[in-house]
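Read the structure below first, then the notes.
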Amino acid sequence: MQKPSIPEGTRDFGPEQVRKRSYIFDTVRSVFVKFGFQPLETPAMENLGTLTGKYGEEGDKLLFKILNNGDFLVGADPEALASKNSTKLTATIAKRGLRYDLTVPFARYVVMNRGTLSFPFKRYQIQPVWRADRPQRGRYREFFQCDVDVIGSDSLLYEAELVQIYDEAFANMKLPVVIKINNRKVLFGIAEAAGIADQFTNMTVAIDKLDKVGIEGVRKELNERGVPDTAIAVIEKILKTPDFQSLKPIFANSETGLKGLEELERVFQLLSKSPLRNELKFDVTLARGLSYYTGCIFEVSAKDYQMGSIGGGGRYADLTGVFGVPGLSGVGVSFGADRIYDVLEGLNLFPENISESVKIMLASFDEPAFEYAFQCATELRAAGVSVEVYPEPGKLKKQFEYAAKRGIPFVAIIGEREMESKTLTVKDQKSGEQWSANVGEVAKRLA
RNA sequence: GAGGUUGUAGCUCAGUCGGUUAGAGCGUCGGUUUGUGGUUCCGAAGGUCGGGGGUUCGAGACCCCUCAUCCUCCCCA
């Protein structure tokens, strides 16, 4: 016999969990719809070429590849096979992979359908993604993302609206969050001001860790990554500036840096007259790993709960360019549904009635009563009541226990008396109150 | 990719220095004499101690390998 198991980093979702997850999906979806976004779904697998090279070196390593069907070794590169060069070999034995996020498949879709879409094209997408990461707290190998993106406009209106979407969705879930915003152009401006434009990526990964390792740690990391001391001094000074306005003089010689500041200013200005319920904060250390971001970038974290970011996103000026259609600027954000789930669970923020599935259960004493119950159930359902019949007549104790365990709020008892009077005896499981009525009235009272 | 943690009943875990027939709580099932559950009482079922190898008169415990798990780093949602 074999002990059943599921792959590392994956989970089953029981009835309760699916219901809670749907609550998150429904909440964000209704906000997306309110802002005019349309639904889209794409396949779980993409051609590997679509995925590789979009997420940076680290991202490529975390792609799940799908082994070719049939005799895959026939097409394998013999040299790579002999020399055990996995990277090279993979390219010849796997031509498909599981999607790593929803943004890149979206860009692929837009390019393939550009003739029929009207721009700006706004879509939302709620689907699982897969990453071959090492699982740990708040990190899974299969997890759901809820993405909203708009492509085909570089208007900063959308940056502002995405902030509002984050704000409203989390407010609706009663989850206090901090929305952090930065701009990749600002980060580039820092690199230019420090005279290390060629070490841009090294710099961003180092300063991204500021809140984790402190200024000392950042200094050390920059040093290890070969950034000269003079440049480190400039970076440190910038990290200490309180707001983005005061970066202006420092960026005097960085056209890109100034452009980034201008963009941030515009977003804040648009939002200035529409109050947010959550905190929006400029954070110069926010970097974001995905290499396709070019403008504003966002990240959301829960205020009262220890968890990595529960959402992130940003502006990508030319993601469709790699698919042969340049000049389509896009911006979007993602909600990490599984982490949001963990946070809501940890803070006990799921609504209470979420586990209620069926309104009433019919219990019966004997075979005639059971058959009568079956008829009553049909009538109740016709009246729009969700109802369940206990599968066999008999002892009430058993039937009541089942109803209690399932969290069914009402139980109707059916025996000779009820059949004679053509009524149901209904018990409110919470209060213990009991009343009798005919089927029509019962349906009315439960509605 | 690197480091560590933990694997004993369906679940959460005890199990002393290596010593007889491996325990508890919760859950499950049955009963408490047949029209009322979430409370009490009684009873029962349920274990290849993750798997394989080794040391020993003797291994759940010690050693090696392996698989799984959770956590940390890297990176990320």
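Labels below follow one simple rule: chain letters A, B, ... track the order of the sequence lines, proteins then strands, and each chain is numbered from 1. Quick note: numbers below take in every heavy atom, side chains included, and nothing from hydrogens, waters or symmetry partners.
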Fit a plane to each ring of [X] and [Y], take the angle between them on a 0 to 90° scale, and name the class: parallel (under 30°), tilted (30 to 60°) or perpendicular (over 60°).
X: Tyr292(A); Y: Tyr316(A); answer: perpendicular
X: Tyr100(A); Y: Tyr55(A); answer: tilted
X: Phe298(A); Y: Tyr166(A); answer: perpendicular

> Sequence neighbours excluded, which residues qualify as salt bridge (charged side-chain N to carboxylate O under 4.0 Å, His left out) partners of Arg381(A)?
Replying inline: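 Per chain and number, Arg381(A) pairs via salt bridge (charged side-chain N to carboxylate O under 4.0 Å, His left out) with no residue.
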With no hydrogens and no angle check, do the side chains of [X] and [Y] hold a donor and an acceptor under 3.5 Å apart?
X: Glu418(A); Y: Thr425(A); value: yes
X: Thr423(A); Y: Ser421(A); value: yes
X: Asp147(A); Y: Ser334(A); value: yes
X: Asn183(A); Y: Glu263(A); value: yes

Would the number of heavy atoms belonging to other residues, nucleotides or ligands and lying under 6.0 Å from [atom1] of [X] be above 12?
X: Asp211(A); atom1: CG; value: yes
X: Glu416(A); atom1: CD; value: no
X: Glu41(A); atom1: CD; value: no

Taking only the [atom1] atom of each, what is the distance from [N] to [M] in whole angstrom?
N: C67(B); M: U21(B); atom1: C1'; answer: 31 Å
N: G51(B); M: U69(B); atom1: C1'; answer: 15 Å
N: U6(B); M: G50(B); atom1: C1'; answer: 11 Å
N: A59(B); M: G19(B); atom1: C1'; answer: 10 Å
N: G23(B); M: G60(B); atom1: P; answer: 14 Å
N: C49(B); M: U33(B); atom1: C1'; answer: 43 Å
N: A61(B); M: U48(B); atom1: P; answer: 16 Å
N: G54(B); M: G10(B); atom1: C1'; answer: 33 Å

How close or far is atom [atom2] of [N] from atom [atom1] of [X], stated in whole angstroms?
X: Arg131(A); N: C75(B); atom1: CZ; atom2: C1'; answer: 10 Å
X: Lys427(A); N: G38(B); atom1: NZ; atom2: P; answer: 10 Å
X: Phe400(A); N: G37(B); atom1: CZ; atom2: C1'; answer: 7 Å
X: Leu344(A); N: A77(B); atom1: CG; atom2: P; answer: 19 Å
X: Asp211(A); N: C75(B); atom1: CG; atom2: P; answer: 13 Å
X: Gln429(A); N: U36(B); atom1: CD; atom2: C1'; answer: 9 Å
X: Met361(A); N: U36(B); atom1: CE; atom2: C1'; answer: 11 Å
X: Lys61(A); N: C74(B); atom1: NZ; atom2: C1'; answer: 8 Å

Distances for protein N/O vs nucleotides 31-33 of chain B N/O pairs under 3.5 angstrom?
unit_1: U32(B); atom_1: O4; unit_2: Lys397(A); atom_2: NZ; d: 2.9

> Looking at RNA chain B, which of residues 141-149 of chain A put a heavy atom within less than 4.0 Å of it?
Replying inline: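 Hits under 4.0 Å, by residue number: Phe143(A), Gln145(A).
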> Which residues in residues 305-318 of chain A have at least one heavy atom lying under 4.0 Å from any atom of RNA chain B?
Replying inline: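 Result for residues 305-318 of chain A: Ser309(A), Ile310(A), Gly311(A), sorted by number.
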>> According to side-chain contact (heavy atoms from CB on, under 4.5 Å), who are the partners of Pro351(A), at least two apart in sequence or on a separate chain?
In response: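 Listed in chain order: Tyr23(A), Asn353(A), Ile354(A).
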> Considering heavy-atom distances to RNA chain B, does Asp428(A) or Arg225(A) have its closest nucleotide positioned more toward the 5' end?
Replying inline: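 Whichever sits nearer the 5' end wins; that is Asp428(A).
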For nucleotides 69-73 of chain B, which of its nitrogen or oxygen atoms have a protein nitrogen or oxygen under 3.5 Å away, and what is each distance?
unit_1: C71(B); atom_1: OP1; unit_2: Arg137(A); atom_2: N; d: 3.1
unit_1: C71(B); atom_1: OP2; unit_2: Gln136(A); atom_2: O; d: 3.4
unit_1: C71(B); atom_1: OP2; unit_2: Arg137(A); atom_2: N; d: 2.8
unit_1: U72(B); atom_1: OP2; unit_2: Gln136(A); atom_2: OE1; d: 3.1

> Which pairs with one or both residues in residues 396-405 of chain A pass side chain to side chain donor-acceptor pair (under 3.5 Å), sequence neighbours excluded?
Replying inline: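 For residues 396-405 of chain A: Glu388(A)-Tyr402(A), Tyr402(A)-Arg406(A).
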>> Listing request: all ring-ring contact (aromatic ring centres under 6.0 Å, His included) pairs with a residue in residues 142-164 of chain A, at least two apart in sequence or in separate chains.
In response: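 Those involving residues 142-164 of chain A are Phe25(A)-Phe144(A).
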> Of Arg99(A), Arg108(A), Arg96(A), which meets salt bridge (charged side-chain N to carboxylate O under 4.0 Å, His left out) against Glu46(A)?
Replying inline: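 For Glu46(A), the salt bridge (charged side-chain N to carboxylate O under 4.0 Å, His left out) check succeeds only for Arg108(A).
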What pairs of donor and acceptor atoms, side-chain ones from residues 167-178 of chain A against any protein atom, are under 3.5 angstrom apart with sequence neighbours left out?
unit_1: Asp167(A); atom_1: OD1; unit_2: Arg277(A); atom_2: N; d: 3.0
unit_1: Asp167(A); atom_1: OD1; unit_2: Asn278(A); atom_2: N; d: 2.7
unit_1: Asp167(A); atom_1: OD1; unit_2: Asn278(A); atom_2: ND2; d: 3.0
unit_1: Asp167(A); atom_1: OD2; unit_2: Arg277(A); atom_2: N; d: 3.0
unit_1: Glu168(A); atom_1: OE2; unit_2: Lys34(A); atom_2: NZ; d: 2.6

Distances under 3.5 Å only, N/O to N/O: pair up the protein atoms with those of nucleotides 26-29 of chain B.
unit_1: U28(B); atom_1: OP1; unit_2: Lys405(A); atom_2: NZ; d: 2.8

> Residues two or more places apart in sequence or in another chain: which of them pass ring pair (Phe, Tyr, Trp, His ring centres under 6.0 Å) with Phe374(A)?
Replying inline: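 Once residues adjacent in sequence are excluded, Phe374(A) has no partner under the ring pair (Phe, Tyr, Trp, His ring centres under 6.0 Å) criterion.
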> Can the ring centroids of Phe370(A) and Tyr390(A) be said to lie less than 6.0 angstrom from one another?
Replying inline: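 For Phe370(A) and Tyr390(A), the ring centres are not under 6.0 Å apart.
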> Are the aromatic ring centres of Tyr124(A) and Phe32(A) under 6.0 angstrom apart?
Replying inline: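 Yes, the ring centres sit under 6.0 Å apart.
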>> What's Tyr402(A) touching, base or sugar-phosphate or nothing? Going by heavy atoms closer than 4.0 Å.
In response: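 No contact.
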> Mind pulling the stems RNA chain B is in, i.e. runs of at least three Watson-Crick or G-U pairs, everything under 3.5 Å?
Replying inline: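 B:1-4 with B:70-73, B:10-13 with B:23-26, B:28-31 with B:41-44, B:50-54 with B:62-66 - these are the stems of 3 or more pairs that involve RNA chain B.
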> So do the side chains of Leu62(A) and Asp133(A) get within less than 4.5 Å of each other, counting heavy atoms only?
Replying inline: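 Counting from C-beta outward, Leu62(A) and Asp133(A) do come under 4.5 Å.
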> Within the modelled atom types, does a donor on one side and an acceptor on the other bring the side chain of Gln399(A) and the base of G35(B) under 3.5 Å apart?
Replying inline: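 A donor-acceptor contact between them is absent.
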